[in-house]
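Single-structure report; data block below.
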Amino acid sequence: MLRIHFTAEDLIRVRFAEAPDPLAETILSLPLLQAERPDRPSSAGLSGWRERTRRALRPQMRLLLDLAPAGLGEYIPEAFTHAAASSLADSLEHTWSLPTGQWSADWRATRLLRPGAPRWIHELHHGDRAWAALVQRQLRSYHALAIAPYWAQLLAVAQTERTQRAMTTLDTGVEGLLRTLHPEVSWAAGVLTVPCAKDADLELHGRGLLLVPTFFCARPLVLVDNAEPERPFVLRYPLVHSLTDGAAVVTAGTTAAGQGLTALLGTTRARTLEAARSPAGTTELARRTGTSAATASHHTSVLRAAGLLTTRREGPGVRHALTPLGRALLHGGPPSGLIEQGASGATGPAK
């Protein structure tokens, strides 16, 4: 177990990531893609996603399966799970700008846990530019195939989670938030205890903690050997805790946008979101949806709390407009700029 010790300064520096990180989700999905017999309900719930992704997987992407194979317990290539960025491009840039020492720490862990790792992984961790370019290209391609089709739904669930956690913090304080974060995480007397492959104590010394809800994550995940000393300590925890919830997110991306939106929000709320394609006041939204002004006001409040609408006062009234996330849900895809479509590449680097 890892025991994370908080000072008063650390407690006031607990933060939530604005959204899951695209690169971390991509990397963490690879072991689940390869799992033949998932041993956790959250993994088993991804069987439909797994089958669809395997069928569409192109040969040149298969080198990524060696980067994060199944069956290695808690092993994850940590260099690829540091960022908490809104776009894949930003996350990749952050990863490849990590200091050499952190790539070396990641390689030491890889060599210890995977003594038979392919030679190219050694070269990647030691700065080989050809392998770096190839891996980045294939990560973009795989992300477009396996993650992007579900990104809007994943963001919607993450935004709801963020809102609920904010309410918990308002009601119970930061300590109440940490106490209820996840069944495998406990809080007592200023110490957060998290599952970890090693038994250790960590003093934050004012760095604070960044909480990142992560979909393709079966258990809480921390970076210990490869943590960034100048940034908040990162704790990833499962965004969904049940088979039903996990399956619903990755199934929604395969349904018609309108049907998926109605299932997610409910009929009237989905109609309210649709009506806000063109910014409008509460009375106008009520007219467009055939509801009362009080009903429209209630639904806009809920949609605003979920990060799908913004509300701005204009004179004596207000004006509601879609956020990028709200527009993404209506379009059945991710907001512009959150993902990049990568081109396929060769199966090995050109030398």
Side-chain angles (χ1 to χ4, degrees), residues 1-6 10-11 13-32 38-46 68 73-78 80-86 91 147 150 153-169 172-188 191-198 200 202 204 207-224 226-228 231-250:
M1 302 295 285
L2 175 67
R3 293 169 294 277
I4 306 173
H5 297 261
F6 285 70
D10 292 313
L11 282 173
R13 291 186 176 181
V14 173
R15 296 290 184 271
F16 263 91
E18 292 186 5
D21 175 66
L23 180 57
E25 296 291 350
T26 300
I27 291 295
L28 291 167
S29 76
L30 290 167
L32 298 179
D39 58 356
R40 292 182 180 274
S42 55
S43 300
L46 301 178
E74 297 182 358
Y75 168 77
I76 289 293
E78 291 188 357
F80 297 91
T81 57
H82 278 256
S86 61
S91 192
I147 309 300
Y150 316 99
Q153 289 79 16
L154 196 154
L155 284 178
V157 175
Q159 187 62 44
T160 300
E161 165 77 3
R162 194 167 190 259
T163 301
Q164 292 173 342
R165 295 296 182 181
M167 296 303 294
T168 298
T169 305
T172 65
V174 176
E175 291 184 292
L177 166 70
L178 296 175
R179 190 176 294 113
T180 59
L181 190 63
H182 187 271
E184 294 188 58
V185 175
S186 62
W187 169 266
V191 179
L192 191 70
T193 303
V194 184
C196 186
K198 60 172 65 177
L202 174 71
L204 291 178
R207 288 171 55 190
L209 180 71
L210 180 65
L211 299 168
V212 186
T214 306
F215 181 75
F216 290 99
C217 183
R219 303 185 67 192
L221 175 66
V222 292
L223 307 180
V224 180
N226 207 0
E228 296 179 80
R231 290 162 62 97
F233 192 76
V234 175
L235 168 59
R236 298 186 180 277
Y237 70 93
L239 179 57
V240 295
H241 299 162
S242 73
L243 170 65
T244 301
D245 291 344
V249 174
V250 293

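This structure is a prediction, so every number in the text was calculated from the model and none was measured.
Qualifying side chain to side chain contact (heavy atoms under 4.5 Å, CB included) partners for Thr193, counting only residues two or more places apart in sequence or in other chains: Met1, Arg3, Ser186, Val191.
Going from atom CZ of Phe233 over to atom CG of Leu202 covers 5.0 Å, rounded to the nearest 0.5 Å. Between Cys217 atom SG and Leu28 atom CG the span is 6.0 Å, to the nearest 0.5 Å. With rounding to the nearest 0.5 angstrom, the CG atom of Leu211 is 6.5 Å from the CG atom of Leu178. In this structure, the separation between CD1 on Ile4 and CG on Leu204 is 6.0 Å, given to the nearest 0.5 Å. If you take CG on Leu2 and SG on Cys196, they are separated by 5.0 Å, rounding to the nearest 0.5 Å. The line from CE of Met167 to CZ of Arg162 is 14.0 Å long, rounded to the nearest 0.5 Å.
Considering only heavy atoms from C-beta on, Leu155 comes within 4.5 Å of Pro20 through its side chain. Annotation: side chain of His182 is in contact with side chain of Pro238 (closest heavy-atom distance under 4.5 Å). For the pair His5 and Asp10, the minimum side-chain heavy-atom distance is 4.5 Å or more. Side-chain contact check for Val14 versus Phe6: some heavy-atom pair is nearer than 4.5 Å.
Here the shortest heavy-atom pairing between Gln159 and Glu18 reads OE1-O, 4.3 Å. The two atoms that bring Ile147 and Phe216 nearest to each other are CD1-CE1, 3.5 Å, heavy atoms only. In plain terms, the two heavy atoms of Ala17 and Leu210 that are nearest each other are N-CD1, 3.7 Å. The two residues Leu235 and Leu181 make their nearest non-hydrogen contact at CD2-CD2, 3.7 Å. Taking both residues in full, the closest heavy atoms of Pro195 and Val185 are given as CD-CG2, 4.5 Å, listed atom of the first, atom of the second, then distance. Listed here is the closest heavy atom pair of Leu23 and Phe80: CG-O, 3.6 Å.
Side chain to side chain, Glu161 and Tyr237 meet the donor-acceptor criterion of an N or O pair below 3.5 Å.
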Could you go through the side-chain contact (heavy atoms from CB on, under 4.5 Å) check for Thr81 and Thr214 one step at a time?
CA-CA 11 Å; Thr81 57; Thr214 306; over 6 Å; no
Chi angles and distances behind the side-chain contact (heavy atoms from CB on, under 4.5 Å) call for Tyr150, Phe215
CA-CA 11 Å; Tyr150 316 99; Phe215 181 75; over 6 Å; no
Evaluate side-chain contact (heavy atoms from CB on, under 4.5 Å) for Arg179 paired with Thr172, printing each intermediate quantity in order.
CA-CA 10 Å; Arg179 190 176 294 113; Thr172 65; over 6 Å; no
